[in-house]
Amino acid sequence: MNSEIKPESEKSLNFIEVFVEEDMKNNRFGKHIHTRFPPEPNGYLHIGHAKSICLNFGLAQKYGGLTNLRFDDTNPVTEDVEYVDSIKEDVRWLGFDWGDREYYASDYFDTLYAYAVKLIEKGLAYVCDLSVEEIANNRGTPTRPGVESPFRNRSVEENLKLFEEMKNGKYKRGEKVLRAKIDMASPNMHMRDPILYRIIHEPHHRTGNKWCIYPSYDFAHGQCDSLEKITHSICTLEFEVHRPLYEWFIKELEIFPSRQIEFARLNLTYTVMSKRKLLRLVKEGYVNGWNDPRMLTICGLRRRGYTPASIRAFAERIGVAKRDNIIDIAVLEFCIREDLNKTAPRAMAVLNPVKLTLINYPEGKTEMLKGKINPEDENSAFRDIPFSKHLYIERDDFMENPPKEFHRLSPGKEVRLKYAYIIKCVDVIKDASGHITEIICTYDPETKSGLPQANRKVKGTIHWVSEPHALKAEVRLFDRLFLKENPDEVDEGHDFTENINPDSLKVAEALCEPSVDGARNLQSFQFERIGYFCCDKDSTPQQLVFNRTVTLKDTWAKISGKM
Ligand code: ATP
Ligand code: MG
């Protein structure tokens with residue numbers, strides 16, 4: 001046997017799982033894994049966060065561990081409980097459970113303060129009176145050492161006194177900061193006396209007015225992981241260069257040595273992912289709120305008709321990478337199609353209708369035809385589809401002067417109406433301007449679908465609805481929000497909003513078969529031959545509203561070969 005061939009279970013490990021299994025084997029943290037998802041409550045979660053959620057909760061599930069939900073709420077200016085609530089809802093909706101382990105960085109403010117005092121006592125932190133700009137200017141460059149602060153050699157006593165005064169509100173914002181005393185010549189810029197605490201006289205959404213100094217992200221994040229005894233602290237690549245600093249804190253504070261592992265953040269084509277940009281789209285009215293179905297926020301995707309299973313499948317399919325990359329958004333669309341194909345009930349709906357009358361069908365008669373609710377399900381039940389003399393078909397399914405390869409309806413030609421009969425076009429009626437207003441056909445009663453003699457072949461099958469039974473619905477036809485694969489690709493002095501697709505939303509009226517009556521919010525359907533649609537929260541019994549989740553086929557790119 002070739003010893004190079006690994007057992008199946010080992011083959012599929014990603015690099016993070018390899019690290020975790022190594023650590024378990026070496027007893028680094030015992031046989032135990034504990035992860036966390038650490039959002040900053042300063043915006044709604046997006047598909048990139050979903051990737052991180054699936055990764056953190058997925059790892060713990062796979063290895064029988066636990067995952068905490070921890071809000072990294074160290075910046076009172078941008079944070080809000082509205083975001084906290086939405087984040088919890090979204091994580092739960094994705095199918096993950098943090099039990100009673102809901103934590104906040106702000107819960108640890110006392111401990112973090114004590115850690116800062118400990119560093120001061122060890123001579124490893126000092127109060128600096130330089131402004132934030134001066135500090136930045138004195139940091140040097142990766143090839144040129146920084147300039148030491150004139151306040152760097154304050155005594156421990158003086159630092160303790162000043163830090164306490166900072167805490168007690170004696171100073172204004174920007175007057176003083178607390179910095180670590182590490183090495184202004186370090187080749188790693190993050191080790192050049194980074195800021196640990198800054199003064200912000202703003203109430204915090206949880207601690208109120210208790211604090212007017214707040215820890216920096218770098219001083220809070222790793223310490224919170226240690227306090228929660230997180231074994232594997234998974235974060236995105238830009239934090240790789242922060243790792244030596246986090247390890248310095250662990251060593252000097254003698255705290256739990258969480259292991260940080262970095263992976264490449266998710267980037268998607270035709271999308272912006274940073275919360276700052278998503279906030280601009282909302283604030284500047286390019287979309288109608290965080291849950292606009294064109295937004296790749298989790299609440300936007302949900303309203304669009306994406307299912308938790310499809311998002312989890314997406315996260316699984318793209319895997320974890322060590323290098324930055326860009327995933328084709330077609331992969332996400334593929335995942336939702338694959339899911340809804342198995343689960344969404346079928347219905348017929350006509351989006352751009354033209355009247356069609358069967359002259360040899362009795363006036364006033366209604367026949368109930370049968371269609372499978374979902375042909376992908378071998379035990380599928382059937383739905384009733386009413387049929388009558390007066391129908392609507394899709395205007396595009398008729399051509400008066402068709403090219404040879406057109407296999408739908410045209411004068412003198414036959415086509416099958418799905419679940420019904422073969423019909424033949426015998427006439428067209430036009431208005432004064434030559435616009436077709438009605439198509440006149442005959443139907444062949446011998447060709448009813450399902451009958452043994454119905455096997456007469458015609459090349460095309462089209463969908464339809466019965467005029468007297470049709471339900472009107474508003475349909476919102478979404479397209480990609482950006483025209484460019486990389487929306488940030490703009491000329492000097494311009495910004496990503498200039499790449500917004502002006503036609504990303506078209507509203508139309510659809511005529512639907514009656515089985516969609518009573519559709520509930522978030523209920524999905526496949527409108528046959530058209531796409532997947534999801535009932536919107538704006539829908540009422542009087543006015544149905546559907547969002548187009550995705551078309552049936554990828555109309556933008558070929559994804560085969562990219563998967
Ligand atoms: P943004 O750049 O959108 O503001 P962020 O990193 O500031 O994102 P956080 O709330 O701090 O947002 O993120 C919470 C967690 O989600 C972090 O662990 C972060 O690494 C992860 N995360 C954020 N964006 C992505 C992404 N695009 N791909 C993968 N993980 C991400
Ligand atoms: Mg962040």
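Quick caveat, the model's predicted, so the values are computed rather than measured. Counting starts at 1 for both ligands and their atoms, in listed order.
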### Query
Do Y214 and Y197 make the cut of ring centroids closer than 6.0 angstrom?
no

### Task
Could you pull out, from A315, S52, G48, the option with a heavy atom nearest to atom 29 (C) of ligand 1?
G48

### Task
Check if F239 has a non-hydrogen atom at a distance under 4.0 Å from any atom of ligand 1.
no

### Query
Is there side-chain contact between W211 and Y113, with at least one heavy-atom pair below 4.5 Å?
yes

### Task
Compute the shortest N/O to N/O distance between K275 and ligand 1 and return yes if it is under 3.5 Å, no if not.
yes

### Query
Which atoms from ligand 1 have a heavy atom of P38 less than 4.0 Å away?
14 (C), 18 (O)

### Query
Are there more than 12 heavy atoms of other residues, nucleotides or ligands under 6.0 Å from atom NZ of K229?
no

### Task
Check each atom of ligand 1 against the heavy atoms of M273 and keep those under 4.0 Å away; list them by number with element.
3 (O), 27 (N)

### Query
Looking only at distance, does N42 have an N or O less than 3.5 Å from an N or O of ligand 1?
no

### Query
Is there a side-chain contact between Y44 and S86, using heavy atoms and a 4.5 Å cut-off?
yes

### Query
Do the two ring centres, one from F525 and one from F533, sit under 6.0 Å apart?
no

### Task
Verify the neighbour count for atom CD of E238: are there more than 12 heavy atoms of other residues, nucleotides or ligands below 6.0 Å?
yes

#### Entry: Check: H32 ring centre within less than 6.0 Å of F29 ring centre
no

### Query
Which part of R276 is near ligand 1, with near meaning a heavy atom under 4.0 Å away: side chain, backbone, both or neither?
neither

### Message
A264 versus ligand 1: do any nitrogen or oxygen atoms come within less than 3.5 Å of each other?
### Response
no

### Query
Mind checking whether S274 has an N or O less than 3.5 Å away from an N or O of ligand 1?
no

### Query
Do ligand 1 and Y217 have nitrogen or oxygen atoms that lie under 3.5 Å from each other?
no

### Task
Could you list which atoms of ligand 1 come closer than 4.0 Å to a heavy atom of T236?
20 (O), 29 (C), 30 (N), 31 (C)

### Task
Apply the side-chain hydrogen bond (donor to acceptor under 3.5 Å, both in side chains) test between S233 and each candidate in T35, N56, D225; give the one that qualifies.
D225

### Task
Check each atom of ligand 1 against the heavy atoms of F263 and keep those under 4.0 Å away; list them by number with element.
29 (C), 30 (N)

